[in-house]
Amino acid sequence: MKIENPNPMPWRFSERAAQMQSSFIREILKITQRPEIISFAGGLPSPATFPVAEMKEAFDQVLTDSGNVALQYGPTDGYLPLRQWIADSLSSNGAKIVPEQVLMTSGSQQALDLLGKVLIDEGSRVLVETPSYLGALQAFSVYRPEFVSVETDDHGLVPSSLDKVAQGARLLYALPNFQNPTGRTLSVERRQQLVETCARLGLPLIEDDPYGALSYKGEPLPKMVAMNPDGVIYMGSFSKVLTPGIRLGYVVAPLPLVRRLELAKQAADLHTSQLTQMVVHRVIKDGFLERHIPQIRHLYGDQCQVMLDAMAEHFPASVKWTKPEGGMFIWVTLPKHVNAMALLDEAIANHVAFVPGAPFYANEPETNTFRLSFVTVPPERIRAGIATLGKLIAAKV
């Protein structure tokens, strides 16, 4: 029986809830579901790379051999064989990672939320790249920090700039490999400088690495966590190398911190799906990724080159863009007077979509920038979409 209530419920939301904002990218994706739209907006891996047959077989095997375990509650820190596999894969250059340092999460986005919950108080100084990953800014902003933008250039974050902004900071968040949104890669020299500087300053360094395996040349750069396991927090994900639908990520941290993260996860969701973890371990344990990832690299590298060639042909000379060596993104810088948000409205009217750059800035957004993703768009549609964008931009410059 429905209760008749003439007075609407006077909902009183917390100050934290009142500050929450929708991801600009997620809002754009609603528009790009229309089939006529050529979408360079989503940071989505290509469905052509999803190992459907292998995942199906693994689900069948796990449910047949260990169904009662897979369908039961699991430990908060995660499925031990999978955590051991992750620890072994990160133990290099003399650094030893143990499974007790690994916490499985429901996607790397949950890892960001847990890190924010454990490390950030209201008003805490949080250092981020310029620009930075929108999902991290969104996750951390719930805890109401003071974001401080760290100097960057065409080669990524500038380690020498940290001394003047690091005092009192709780953490530095960085994506060293094929960064989202710019596609930039931090050199080996800068990685070493960054780790040494953060260690000297006592500044925890978060190394977010969802794209590290996607080097087009197949030559991944060294991980900063191996340079200083006691001061670097490493985040990884299976979304870009298997499938995002499984929502499986992980964070690797020094033992005192990982225990706090585990307590925070207990309060959030008890544990990540035991079934999913067991299936992923079944798929990857015998070297599947070593055979699978090169196919992803080849596909993404080819489509990146198609887009770069089309941009060189159709974009005006006054437009600049990055040339990524891996990953999924190209970053475009327009002349200062061109507003990418206004350009987006015209582009959508012409059936093309991208992500304006302003939401990726924690402070002082550069409105003449935007991000392109090429991995889910066939070559012929890449060429057509870039040609359309080139005409729209040329009319403004």
Side-chain angles (χ1 to χ4, degrees), residues 14-21 101 103 108-153 155-176 179-180 182 184 186 190-209 223-225 227-235 251-265 267 358-366:
S14 67
E15 292 183 13
R16 178 179 295 121
Q19 286 196 330
M20 291 180 179
Q21 297 182 354
Q101 292 176 258
L103 175 68
S108 60
Q109 194 67 24
Q110 185 186 47
L112 289 168
D113 178 66
L114 297 177
L115 287 164
K117 190 175 294 184
V118 168
L119 295 176
I120 300 174
D121 291 316
E122 182 174 352
S124 296
R125 289 169 63 86
V126 171
L127 310 186
V128 295
E129 296 170 289
T130 311
S132 187
Y133 171 49
L134 178 57
L137 299 179
Q138 187 179 25
F140 293 156
S141 66
V142 173
Y143 303 101
R144 306 172 75 176
E146 175 197 355
F147 285 118
V148 178
S149 298
V150 177
E151 181 182 345
T152 61
D153 59 22
H155 305 287
L157 189 150
V158 180
S160 60
S161 68
L162 287 178
D163 282 279
K164 58 188 177 185
V165 296
Q167 184 173 1
R170 291 290 181 88
L171 60 91
L172 166 63
Y173 171 76
L175 293 97
Q179 192 230 28
N180 183 357
T182 65
R184 296 168 180 153
L186 204 61
R190 283 199 180 183
R191 289 167 197 245
Q192 294 170 337
Q193 293 173 353
L194 184 59
V195 170
E196 292 170 0
T197 300
C198 287
R200 173 173 56 81
L201 296 172
L203 177 65
L205 169 60
I206 297 177
E207 178 183 14
D208 193 356
D209 191 27
K223 301 185 187 305
M224 293 186 289
V225 68
M227 300 176 186
N228 183 16
D230 294 328
V232 177
I233 303 157
Y234 182 85
M235 288 175 48
V251 58
V252 180
L255 291 175
L257 173 57
V258 82
R259 177 55 182 164
R260 292 289 182 176
L261 295 171
E262 183 180 350
L263 294 175
K265 182 172 172 62
F360 294 97
Y361 290 85
N363 304 292
E364 300 179 5
E366 296 185 11

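The chain is numbered in sequence order, starting from 1.
Looking at every heavy atom in both residues, Ala136 comes nearest to Leu112 through CA-CD1, 3.8 Å. Listed here is the closest heavy atom pair of Cys198 and Leu205: SG-CB, 4.1 Å. Taking all atoms of both residues into account, the shortest heavy-atom contact from Ala174 to Leu157 is CB-CD1, 4.4 Å. Summarising the geometry of Ile233 relative to Ala253, their closest heavy-atom pair is CG2-CB, 4.2 Å, with the distance given to 0.1 Å. Taking both residues in full, the closest heavy atoms of Gln101 and Pro229 are given as NE2-O, 4.4 Å, listed atom of the first, atom of the second, then distance. Shortest non-hydrogen contact noted between Val150 and Leu162 is CG1-CD2, 3.9 Å.
By the side chain to side chain contact (heavy atoms under 4.5 Å, CB included) test, Arg125 pairs with Glu146, Val148, Val165, Ala169, sequence neighbours left out. Ser149 meets the side chain to side chain contact (heavy atoms under 4.5 Å, CB included) test with Thr130, Ala362, Asn363; sequence neighbours excluded. For Thr152, there are no side chain to side chain donor-acceptor pair (under 3.5 Å) partners two or more places apart in sequence or in a different chain. Under the side chain to side chain contact (heavy atoms under 4.5 Å, CB included) criterion, Thr182 pairs with Pro131, Gln179, Arg184, Trp331, sequence neighbours left out.
Results of the side chain to side chain contact (heavy atoms under 4.5 Å, CB included) test with Ile206 over Val232, Val126, Val128, Leu171 single out Leu171 as the only residue that passes.
The line from CG of Leu186 to CD of Gln192 is 10.5 Å long, rounded to the nearest 0.5 Å. Atom CG of Asp209 and atom NZ of Lys223 lie 4.0 Å apart (nearest 0.5 Å). Note that CD of Gln109 is 4.5 Å distant from OH of Tyr133, once rounded to the nearest 0.5 Å.
Under a 4.0 Å N-O distance rule, the pair Glu262/Lys265 does not qualify as a salt bridge.
Put simply, the side chain of Leu203 reaches to within 4.5 Å of the side chain of Leu127, judged on heavy atoms. A 4.5 Å side-chain heavy-atom check between Pro145 and Arg170 finds every atom pair outside the cut-off.
Between Phe140 and Phe147, the ring-plane angle classifies as tilted under the 30° and 60° cut-offs.
Sequence neighbours left out, the pairs with a member in residues 195-207 that pass side chain to side chain donor-acceptor pair (under 3.5 Å) are Asp163-Arg200.
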Please list, one pair per line, the donor and acceptor atoms closer than 3.5 Å that link side chains of residues 113-120 to other protein atoms, with sequence neighbours excluded.
residue, atom, partner, partner atom, Å
Asp113, OD1, Tyr143, OH, 2.7

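Within a 6.0 Å sphere centred on CZ of Arg190, heavy atoms belonging to other residues, nucleotides or ligands number more than 12.
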Test log, rule side-chain contact (heavy atoms from CB on, under 4.5 Å), inputs Asp208 and Asn180: CA-CA 10 Å; Asp208 193 356; Asn180 183 357; over 6 Å; no
